[in-house]
Amino acid sequence: MSNLSGNQEGTFFLGARVAQSMGDYLARLERYEEAKEEYQQAKENYEKVIPSSPDFDAAQKNKEIVLRKLGELPARQKSLEAYQLDRLFATN
């Protein structure tokens, strides 16, 4: 049993959605370290939504999406670094 009120549950869910959206935005900007921090925050907030909350199912689905995106970040960052090195050493 949780001692959190319904408003706190909603706040965790909303905070997680905002952090997830910021993570997506930062990833599009190729700011991967910052995106990782936002995704981590989203994951933590989704984990605070308890099973009795009306947002629980959505929180669990969104948490799975966030975990997948966290897993993809290293490859995206490595790809960007390789691209930047290729451009740096490219000859005209």
Side-chain angles (χ1 to χ4, degrees):
M1 182 76 174
S2 173
N3 60 0
L4 297 175
S5 72
N7 286 342
Q8 287 174 313
E9 287 293 315
T11 300
F12 289 138
F13 184 76
L14 182 59
R17 294 283 296 151
V18 169
Q20 182 177 354
S21 294
M22 280 299 300
D24 292 344
Y25 175 69
L26 291 165
R28 278 189 217 106
L29 294 176
E30 299 174 342
R31 293 167 55 180
Y32 297 119
E33 289 302 316
E34 292 168 280
K36 180 180 177 182
E37 290 174 16
E38 291 294 333
Y39 286 143
Q40 290 284 30
Q41 183 64 50
K43 178 182 124 352
E44 291 170 14
N45 279 342
Y46 284 134
E47 289 172 346
K48 293 177 184 176
V49 177
I50 62 170
S52 62
S53 169
D55 294 323
F56 182 74
D57 289 338
Q60 293 304 300
K61 289 176 186 175
N62 286 338
K63 180 182 162 191
E64 290 173 15
I65 292 167
V66 166
L67 291 173
R68 180 179 47 82
K69 290 179 179 185
L70 274 168
E72 293 170 353
L73 284 179
R76 291 179 69 180
Q77 188 169 16
K78 187 175 181 180
S79 177
L80 174 64
E81 290 168 356
Y83 172 75
Q84 289 171 334
L85 282 174
D86 285 347
R87 288 197 59 201
L88 180 64
F89 294 110
T91 58
N92 294 329

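Note that these values count all heavy atoms, side chains included, but never hydrogens, waters or copies made by symmetry. Starting from 1, each residue takes its place in the sequence as its number.
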Sequence neighbours excluded, the answer for side-chain hydrogen bond (donor to acceptor under 3.5 Å, both in side chains) partners of E72 is R68
Within-4.5 Å side-chain heavy-atom neighbours: Y46 and Q20
yes
Reported CE-to-CZ distance for the pair M22 and R17, which is rounded to 0.5 angstrom:
14.0 Å
Does L73 share a hydrophobic cluster with V66, counting links as ILVMFWY side-chain heavy atoms below 4.5 Å and allowing steps through other members?
yes
To the nearest 0.5 angstrom, please state how far the CZ atom of R31 sits from the CD atom of E38.
10.0 Å
From K63 atom NZ to E44 atom CD, the distance as rounded to the nearest 0.5 Å
10.5 Å
What's the shortest heavy-atom distance between G23 and A35, and which atoms?
O-CB, 3.5 Å
Test side chain to side chain contact (heavy atoms under 4.5 Å, CB included) applied to E37 and Y39, step by step:
CA-CA 5 Å; E37 290 174 16; Y39 286 143; over 6 Å; no
dist E47:CD -> Q60:CD (nearest 0.5 Å) comes out at 8.5 Å
How far apart are the closest heavy atoms of A27 and Y32, and which atoms are they?
O-CE2, 3.6 Å
N45 to A16 - nearest heavy-atom pair and separation
CB-CB, 3.5 Å
Within a strict 4.5 Å, meaning less than it, do heavy atoms of the F12 and D55 side chains meet?
no
About how many Å separate CG of D24 and CG of L29, when rounded to the nearest 0.5 Å?
11.0 Å
